Student: 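My questions all concern the structure below.
Both ligands and their constituent atoms are indexed starting at 1 by order of listing. Computed from a predicted model, the values in this text were never measured in an experiment.
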Amino acid sequence: MVQATVFLLVLSLALGAHSLSPKKCNLIGHWVNDLGSNMTISAVNGDGVFSGSYLTAVTVTTNEIKVSPLQGSLQRKNRKGQPTFGFTVNWSYSDSITVFTGQCFVDKDGKETLKTMWLLRSRMDNLENDWKATRVGTNIFTRVQSQKE
Ligand code: BTN
């Protein structure tokens with residue numbers, strides 16, 4: 001009887017501790033942002049280096065939008081969860097480059113949100129136009145749930 005009580009106590013403590021520990025953010029998967037752009041992060045290696053693809057919903061060009069590659073880096077020193085990261089999108093259909101920096105937040109229900117800021121550098125024909133070459137903004141990404149989840 002005493003053994004059973006101790007076992008149940010240990011079990012409930014273990015389960016309680018588990019439910020208290022914040023869900024870790026996993027960048028791998030499909031994400032959509034507030035503009036309707038879609039991003040897929042396909043792999044993150046042991047050093048935090050990751051790659052994927054980006055389909056923007058908007059463009060500053062008149063070109064046809066195409067899927068573009070992204071490469072990034074996830075900060076791995078922090079083991080407390082909610083990591084910071086950065087990535088670059090090298091637009092395949094324009095002369096521009098965008099760099100994003102952000103952090104993954106996980107709420108009490110385990111929902112992940114990527115809060116980001118970006119700089120979009122457009123190519124200018126000459127130095128005189130450099131002043132208008134860089135746009136800045138923010139994007140919020142949420143995970144696109146797959147059918148299996
Ligand atoms: C271009 O128009 O030359 C490239 C596309 C830029 C799209 C920008 S990047 C920041 C912002 N977030 C998005 O999802 N799309 C726009």
Student: Same hydrophobic cluster for Ile65 and Phe141, using side-chain heavy-atom links shorter than 4.5 Å among ILVMFWY?
Tutor: yes
Student: Show me the pairs that pass disulfide (SG to SG under 2.5 Å) and involve residues 47-142, at least two apart or across chains.
Tutor: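 Qualifying pairs, neighbours excluded: Cys25-Cys104.
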Student: So which pairs with a foot in residues 41-50 pass side-chain hydrogen bond (donor to acceptor under 3.5 Å, both in side chains), sequence neighbours left out?
Tutor: none
Student: Could I get the full list of ring pair (Phe, Tyr, Trp, His ring centres under 6.0 Å) partners for Trp91, not counting sequence neighbours?
Tutor: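 Only Tyr54 meet the ring pair (Phe, Tyr, Trp, His ring centres under 6.0 Å) criterion with Trp91.
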Student: Of all the heavy-atom pairs spanning Gln82 and Val106, show the shortest one and how long it is.
Tutor: OE1-N, 2.8 Å
Student: For ligand 1, find each of its N or O atoms that sits under 3.5 Å from a protein N or O atom, and tabulate the pairs with distances to one decimal place.
Tutor:
residue: ligand 1; atom: 2 (O); partner: Thr59; partner atom: OG1; Å: 2.6
residue: ligand 1; atom: 2 (O); partner: Val60; partner atom: N; Å: 2.8
residue: ligand 1; atom: 3 (O); partner: Ser94; partner atom: OG; Å: 2.8
residue: ligand 1; atom: 3 (O); partner: Ser96; partner atom: OG; Å: 2.8
residue: ligand 1; atom: 12 (N); partner: Asn139; partner atom: OD1; Å: 2.7
residue: ligand 1; atom: 14 (O); partner: Asn33; partner atom: ND2; Å: 2.9
residue: ligand 1; atom: 14 (O); partner: Ser37; partner atom: OG; Å: 2.6
residue: ligand 1; atom: 14 (O); partner: Tyr54; partner atom: OH; Å: 2.6
residue: ligand 1; atom: 15 (N); partner: Thr56; partner atom: OG1; Å: 2.9

Student: Could you walk me through whether Trp118 and Asn139 pass the side-chain hydrogen bond (donor to acceptor under 3.5 Å, both in side chains) check?
Tutor: CA-CA 8 Å; Trp118 51 261; Asn139 279 136; 3.1 Å; yes
